[in-house]
Amino acid sequence: MAAAGSGVAAAEAGAGPAGAAFSTANSGRVNGLSHPPGAIAMKDHDAIKLFVGQIPRNLEESDLKPLFEEFGRIYELTVLKDRFTGMHKGCAFLTYCARDSALKAQSALHEQKTLPGMNRPIQVKPADSEGRGEDRKLFVGMLGKQQSEDDVRRLFEPFGQIEECTILRGPDGASKGCAFVKYSSHAEAQAAISSLHGSQTMPGASSSLVVKFADTDKERTLRRMHQMAGQLGIFNPMTIQFGAYGAYTQAIMQQQAALMAAAQGTCLNPMAAIAAAQMQQMAAFNPPSLPRPAGTSTPPGISTAPVPSIATPIGVNGFSPLPPQTNGQPTSETIYTNGIHPYPAAYPTAYAPISQAFPQQAPIIPQQQREGPEGCNLFIYHLPQEFGDAELTQMFLPFGNVISAKVFVDRATNQSKCFGFVSFDNPTSAQAAIQAMNGFQIGMKRLKVQLKRPKDANRPY
DNA sequence: TGTCATT
């Protein structure tokens with residue numbers, strides 16, 4: 001809850017003990033016990049901070065104090081105010097010196113009475129900051145798909161009292177291989193992590209048991225935002241910077257980089273190797289043009305006329321000599337002098353808000369493996385051993401919007417299994433990639449590029 | 001032939 005979150009900071013930053021914060025008329029006499037005026041109130045170590053909601057906005061701390069003092073000596077009481085306007089938010093944080101006072105107040109007041117002018121009863125309950133549950137709830141991963149709630153309980157029982165145990169299941173009831181386990185205390189949860197995380201590998205699981213604290217609401221929201229960002233097509237910074245021509249400009253930059261490497265007889269990185277090979281292939285299969293990334297969206301106002309001029313400088317050899325002034329560095333100027341300008345005059349501002357939103361560094365959205373629509377997903381075999389996700393992405397960028405590229409890696413050795421997946425956002429790009437890249441020779445191997453087999457299909461080959 | 005999944 002945002003209100004509680006900002007309120008915590010406000011409460012922490014505000015004046016401390018009630019004795020100092022509010023000097024009301026009866027400050028020398030609280031809860032029937034007298035104590036010297038000006039004495040600093042101490043709170044118990046196990047004191048609970050309460051959230052109080054449904055308070056009329058005309059009531060300030062001094063008005064509320066008498067109501068709550070009935071249950072014990074108050075250590076701190078803070079009405080939540082808007083950080084900027086100072087407006088009363090209709091709620092407060094309340095800490096009693098004694099834990100017991102808080103419990104009494106909660107049971108006597110929570111939902112039990114409605115303050116004047118409010119239409120819902122007062123809320124008195126431990127504040128979110130009191131670790132209402134997230135810090136004792138565990139996420140358990142790498143379970144066997146056939147393990148039941150009872151199996152998981154048995155596993156986690158030795159470390160404390162389990163309040164809740166839920167296996168995550170899909171709509172069909174099949175286990176997703178993970179679960180939530182909630183203990184009655186943080187310490188118990190921590191003990192379970194220490195003993196169980198990585199301790200064993202469940203039958204059918206691909207790696208050892210995962211035991212960690214579950215995501216907080218905040219983390220969950222963040223993850224959802226990332227997912228949404230992915231769906232909106234914010235895949236990588238180059239897409240944003242170069243718009244629809246990112247594929248072309250990148251492909252050309254790579255080829256030029258590869259040229260330099262090849263000219264020096266050094267092919268140290270995999271991209272140089274692939275780009276060099278790609279150029280031979282370019283010259284062979286369709287002389288003057290890169291494959292047209294069909295289906296790539298063209299920003300409004302851009303004519304498609306520049307496309308042929310992109311191909312032209314490449315020439316029949318698959319490349320053109322570098323302009324002398326670039327000194328071989330594949331900078332963005334290199335691209336411009338080749339006659340390719342990512343921002344024609346007709347299209348000056350459409351992406352500007354995005355680049356302004358991320359002035360320094362475009363956000364790196366962690367690329368999760370996303371399948372495209374049917375017919376957009378490729379299976380690629382016989383990849384060079386040293387190829388990773390990035391190289392795979394680069395290799396297929398010229399054919400369209402690559403929404404994901406994944407090279408499979410052996411988890412034990414971290415070695416590529418030499419196959420992977422590439423997904424486009426449309427089937428035409430996928431077909432173009434198959435046409436151009438299936439049988440593509442790299443070193444001694446030829447790539448196998450075909451549509452990914454659908455999960456449910458049982459084709460025997 | 002999408003490996004790890006967050007109510």
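Everything quoted here is computed from the prediction, not taken from an experiment. Chain identifiers are assigned alphabetically (A, B, ...) following the order of the sequence lines, protein sequences preceding nucleic acid strands; residue numbering begins at 1 within each chain.
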Minimum-distance nucleotide (side-chain atoms of A:Phe421 versus B:dT3, B:dT1, B:dC4): B:dT1
B:dT6 phosphate, OP1 or OP2, under 4.0 Å from A:Arg169 side-chain N/O: no
Aromatic contact, A:Tyr96 with A:Phe68 (centres under 6.0 Å): no
Between B:dC4 (C1') and A:Arg223 (CZ): distance, integer Å: 12 Å
Nucleotide B:dT7, atom P - distance to CZ of A:Phe180 in whole Å: 5 Å
Any A:Lys452 side-chain N or O less than 4.0 Å from OP1/OP2 of B:dG2: yes
Aromatic plane relationship, A:Phe156 with A:Tyr183 - under 30° parallel, 30 to 60° tilted, over 60° perpendicular: tilted
Donor-acceptor pair present, A:Lys212 side chain and B:dT6 base, under 3.5 Å: yes
Residue met sooner reading DNA chain B from 5', once A:Phe419 and A:Phe139 are mapped to nucleotides: A:Phe419
Rounded interatomic separation in angstrom, taking CE from A:Met202 and P from B:dA5: 19 Å
Closest nucleotide among B:dA5, B:dT1, B:dG2 to the A:Phe379 side chain: B:dT1
Donor-acceptor pair between A:Gln161 and A:Glu188 side chains, under 3.5 angstrom: no
d(CD, A:Glu219; P, B:dA5) in whole Å: 16 Å
Phosphate OP1/OP2 of B:dC4: any A:Ser206 side-chain N/O under 4.0 Å: yes
A:His186/A:Phe213 aromatic ring centres below 6.0 Å: yes
Closest to side chain of A:Arg453, choosing from B:dT7, B:dT6, B:dT1: B:dT1
Gap between atoms CG and P, on A:Leu138 and B:dC4 respectively (whole Å): 20 Å
Spacing of A:Phe408 atom CZ relative to B:dC4 atom P, expressed in whole Å: 9 Å
Heavy-atom check, side chain of A:Leu109 versus side chain of A:Phe71, under 4.5 Å: yes
Nearest-angstrom distance from the residue atom CG of A:Asp215 to C1' of B:dC4: 13 Å
Check: A:Lys417 side chain, B:dT1 base, donor-acceptor under 3.5 Å: no
A:Val210 side-chain proximity, nearest of B:dT1, B:dT6, B:dC4: B:dC4
Sugar-phosphate, base or nothing in reach of A:Val407, heavy atoms under 4.0 Å: base
Rounded interatomic separation in angstrom, taking CD from A:Glu371 and P from B:dG2: 7 Å
Options B:dT1, B:dT3, B:dA5, nucleotide nearest the side-chain atoms of A:Cys178: B:dA5
